[in-house]
Amino acid sequence: MLGDDAELTAAVRAAQDGDETAFRTVYRAVHPRLLGYVRTLVGEPDAEDVTSEAWLQIARDLERFSGDADRFRGWAARIARNRALDHIRMRGRRPATAGDETELASRPAESDTATEAIESLATDSTLSLIAQLPQDQAEAVVLRVVVGLDAKSAAETLGKRPGAVRTAAHRGLKRLAELLDADAESTGALDAVPQQRGSRTRAVTSAGVTHTRSRTQKDM
C-alpha cells in the first residue's frame, strides 16, 4: 500500500485505539465519498442526515472492524447503504431498480467517452446526472469510481456478484457519458442564444466533492 491508502489504514487503526485526531482524519478522507454515494440513494435533502447516522454506527462499531483502507471503505459503504435503505423504507419509498444484471465479459472501452465521464465524477453536477441512472447502475458507478471500491468489495456491499457489478458499472458509465455529452450540447446551445437587453445570467459553478482514483473502462 502506498500514499493515501497507507495513511488511511494507519489512521483507522489509530482511531480504533481511541485516537480522536485519527478518527477525524478518517472522517475527512471518507465522508465526501460516502455522502456522494448516499445522495444517489436518498436524494440531496436527506443525504446529510442519513450519512451522519451512518457515521454514528461507524464510530460505535469501529473496534470490531478488521482490515485495511480498501476494506474500511467497503465496510463504511455497507453501513451507509443499510442506513439509506432503512430511511427509504421508513418513508415508504423504494429505490428504483432497472436493467439486467447478467455477467459481462471483460472488454476494453469502445471509446474514450467513459474515461471522460470518470474524470468528471468529482463534481456536484455530475453526481446529479448519476442520480438519473437506474439505481443499480448509479450505485455501481459511485461505489467503483467515487468511493473507490474494487468489483469484489462493491459486490459485497450490494449483495451481488462481481460480474453483475461490472455489468451495471459498464452500462452506467456508458449512459453517463451520453448524459454528459447532452448536457454539454445543451449548455452550448444556450450560450449561442443572444441575451435580451437587461437580462441577467447566473454563473453556474461545479463544486468539487472528492478526489477519485482515475480508472479506465477496462478496469471496471
Side-chain angles (χ1 to χ4, degrees), residues 1-91 93-95 97 101 121 127 130 135-136 138-166 168-169 209-213 215 219-220:
M1 291 180 298
L2 299 174
D4 292 343
D5 274 6
E7 293 174 7
L8 179 56
T9 298
V12 168
R13 291 172 181 169
Q16 288 179 303
D17 291 333
D19 187 328
E20 293 183 4
T21 300
F23 185 83
R24 285 194 292 271
T25 298
V26 173
Y27 179 86
R28 286 194 297 268
V30 178
H31 176 72
R33 303 177 184 215
L34 216 56
L35 178 60
Y37 176 42
V38 173
R39 281 175 179 164
T40 67
L41 294 170
V42 303
E44 180 66 35
D46 299 328
E48 288 281 0
D49 288 343
V50 173
T51 308
S52 294
E53 292 175 6
W55 276 107
L56 288 175
Q57 182 176 343
I58 290 168
R60 184 178 66 244
D61 297 344
L62 185 59
E63 291 182 358
R64 292 185 285 177
F65 169 77
S66 177
D68 58 12
D70 277 336
R71 289 188 65 83
F72 180 81
R73 281 190 286 261
W75 179 71
R78 285 193 295 277
I79 290 174
R81 187 174 194 268
N82 288 338
R83 296 286 69 75
L85 294 180
D86 286 346
H87 178 83
I88 290 168
R89 283 191 289 269
M90 186 172 63
R91 293 289 186 269
R93 300 192 303 267
R94 291 178 179 270
T97 57
E101 294 180 351
L121 284 175
L127 285 172
I130 292 175
Q135 192 68 37
D136 64 323
E139 287 195 71
V141 169
V142 174
L143 286 174
R144 295 298 312 278
V145 181
V146 178
V147 180
L149 303 185
D150 59 22
K152 181 179 178 181
S153 296
E156 290 174 352
T157 299
L158 298 173
K160 299 178 180 179
R161 297 169 298 171
V165 173
R166 292 190 187 97
V209 174
T210 183
H211 297 291
T212 62
R213 291 184 292 180
R215 294 176 183 264
D219 294 330
M220 304 307 291

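Keep in mind that the numbers below use all heavy atoms, side chains included, and drop hydrogens, waters and symmetry copies.
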With no hydrogens and no angle check, do the side chains of D150 and S153 hold a donor and an acceptor under 3.5 Å apart? yes

If you look at every heavy atom in [X] and [Y], which pair is closest and at what distance?
{"X": "A80", "Y": "V38", "answer": "CB-CG2, 3.9 Å"}
{"X": "A84", "Y": "L41", "answer": "CB-CD1, 3.6 Å"}
{"X": "A140", "Y": "A169", "answer": "CB-N, 3.6 Å"}
{"X": "L8", "Y": "A69", "answer": "CD2-CB, 3.8 Å"}
{"X": "L62", "Y": "A15", "answer": "CD2-CB, 3.7 Å"}
{"X": "T25", "Y": "A11", "answer": "CG2-CB, 4.0 Å"}

Is the shortest side-chain N to carboxylate O distance from D5 to R73 below 4.0 Å? yes

Sorted by chain and number, sequence neighbours left out, side-chain hydrogen bond (donor to acceptor under 3.5 Å, both in side chains) with W55 holds for H31

For R78, does the CZ atom have more than 12 heavy-atom neighbours from other residues, nucleotides or ligands under 6.0 Å away? yes

A quick test of your reading: do over 12 heavy atoms of other residues, nucleotides or ligands sit less than 6.0 Å from CD of E63? no

Under the salt bridge (Lys or Arg N to Asp or Glu O under 4.0 Å) rule, collect the residues that match up with D61, sequence neighbours excluded. R64

Quick one, D68 with R71, criterion salt bridge (Lys or Arg N to Asp or Glu O under 4.0 Å). Give me CA distance, side-chain angles, the key distance, then yes/no. CA-CA 5 Å; D68 58 12; R71 289 188 65 83; 5.6 Å; no

Does the side chain of I58 come within less than 4.5 Å of W75's, by heavy atoms? yes

E139 and its salt bridge (charged side-chain N to carboxylate O under 4.0 Å, His left out) partner, picked from R81, R39, K160: R81

